[in-house]
Amino acid sequence: MDGVTDAPFRYITDVIGKPDIIYTEFVSVKGLILGKPAIQRMLLRHKTKTTMIAQFFGTEPEYFYQSSLVALEKGYDGVDINMGCPDKSVFHKGAGAALIINPSVAKKIILSVKKGIKDGKEKYNIEKNITVSIKTRTGYKKPQTKEWISNLLEVEPDVICIHARTFAQKYGGLADWTQIGIAAELMENSKTKLFGNGDIKNRVQALERIKEYNLAGVLIGRGALGNPWIFQGKVPTTKERFEVIIEHCKKFMEFFPSANLSIMRKHLGWYAKDFPHASEVRNELMQVNTIDDVKKILFKTQAFL
Ligand SMILES: Cc1cc2nc3c(=O)[nH]c(=O)nc-3n(C[C@H](O)[C@H](O)[C@H](O)COP(=O)(O)O)c2cc1C
């Protein structure tokens, strides 16, 4: 998730939540290949046995090819292509959800990533399986799941994840899981695996959805903000919550030593809930610039719990 699933967030999610699979933020293939440092930092990662997927967005198949090589060099387990982002800046360039209305380019991109993975495996002597996956939506203005997903299946990606909203819905309304059902039926005899996504609030619901729609998995986005415990179906104690906040801040400074901790404020706001006076603590956390600022606030709060 853009602005969220950076290296420290992925570390915390992995260690605390232990999900099966974790994705990077979406990374511009053009920015990556043109060597923009801020974009290259988006692919920083920790060592882990958990499946780590590099997600890319863009329009040029050649940049996707080269970016796939970069992902393999960095040890990622798969390359995901974003075909779902509804943001204006992405859509107007023909990337993200705009690929839903341009299936021929979408398919060229998938084939380029496949080639990148094949060549990258040879180049870097990689034996493990590396997946190519798509993260998309149900359609442009209206759901067109059958037609759109059929197009993608022609080039046989390993996984398709559907966020059960159209481009036009952005993040509004409810995810329409009946569309995931339509895709599941379509893909019943396909080698391509299907993941569902949209509005999952907890682990029980995730497992129910997987069973109901016969899915290979589901992705959880907003439910994991400030809540790495969601993957374990656990409610943390306030002490655990505070410990993870500090650990997350430490990891942030380890990965980005010259950054200001103020960038972490949104995460702190997401964590600081479900304990007495949480809203006051949240307000204070919105002013922090250093780990010491965070520690002082949490230490003072703990004394009153
Ligand atoms: C702040 C934010 C950033 C996001 N960034 C990405 C992204 O980089 N790539 C992507 O595929 N989806 C991105 N999404 C969409 C989510 O991955 C997910 O599809 C959507 O939020 C619905 O799932 P959820 O209800 O579990 O959050 C983002 C969503 C939010 C709220």
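Order of appearance sets the numbers: ligands from 1, and atoms from 1 within every ligand. Side chains are part of it too, since the values below use all heavy atoms of this structure and drop only hydrogens, waters and symmetry mates.
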| request: Please examine the side chains of Asp6 and Met42, heavy atoms only from C-beta on, and report whether any two atoms are closer than 4.5 Å. | output: no
| said: Using the salt bridge (Lys or Arg N to Asp or Glu O under 4.0 Å) definition, which of the options Lys121, Lys128, Lys49 pairs with Asp77? | reply: Lys128
| message | I want to check a possible cation-pi pair here: Lys251 against Tyr11, using under 6.0 Å from ring centre and within 45° of the ring axis as the test. | response | yes
| said: Can you classify the ring geometry of Phe56 versus Phe64 as parallel (below 30°), tilted (30 to 60°) or perpendicular (above 60°)? | reply: perpendicular
| Atoms of ligand 1, numbered as shown, that sit under 4.0 Å from any heavy atom of Lys135 | 10 (C), 11 (O), 12 (N), 15 (C), 16 (C), 17 (O), 18 (C), 19 (O)
| Between Phe26 and ligand 1, does any nitrogen or oxygen pair lie at a separation below 3.5 Å? | yes
| said: I need the nearest protein heavy-atom contact for atom 9 (N) of ligand 1: residue, atom name and distance, please. | reply: Gln55 OE1, 2.7 Å
| Which option out of Thr24, Ile230, Asn197 puts a heavy atom nearest to atom 19 (O) of ligand 1? | Asn197
| Taking heavy atoms and a distance under 4.0 Å, where does Arg222 meet ligand 1: side chain, backbone, both or neither? | both
| query | Honestly, is Arg165 close enough over Tyr171, meaning NZ or CZ under 6.0 Å from the six-membered ring centre and within 45° of the axis? | reply | no
| query | What atoms of ligand 1 come closer than 4.0 angstrom to any heavy atom of Gly198? | reply | 23 (O), 25 (O)
| said: So, regarding Gly221 and ligand 1 (criterion: nitrogen or oxygen to nitrogen or oxygen, under 3.5 Å), is there a contact or not? | reply: yes
| message | In terms of relative ring orientation, are Tyr271 and His248 parallel, tilted or perpendicular, with 30° and 60° separating the classes? | response | perpendicular
| request: Could you point out which residue of Val294, Val288, Asp293 forms a side chain to side chain contact (heavy atoms under 4.5 Å, CB included) with Thr290? | output: Asp293
| task | Using a 4.0 Å heavy-atom threshold (strictly under), name the region of Met1 that reaches ligand 1: side chain, backbone, both or neither. | result | both
| query | Side chain, backbone, both or neither: which part of Asn82 comes within less than 4.0 Å of ligand 1 when only heavy atoms are counted? | reply | side chain
| query | Is it true that the NZ or CZ of Lys170 lies under 6.0 Å from the centre of Phe167's six-membered ring and within 45 degrees of the ring axis? | reply | yes
| said: At under 4.0 Å between heavy atoms, is it the side chain or the backbone of Tyr171 that contacts ligand 1, or both, or neither? | reply: side chain
| query | Looking only at heavy atoms, is any part of Asp2 under 4.0 Å from ligand 1, and if so is it the side chain, the backbone, or both, or is it neither? | reply | both
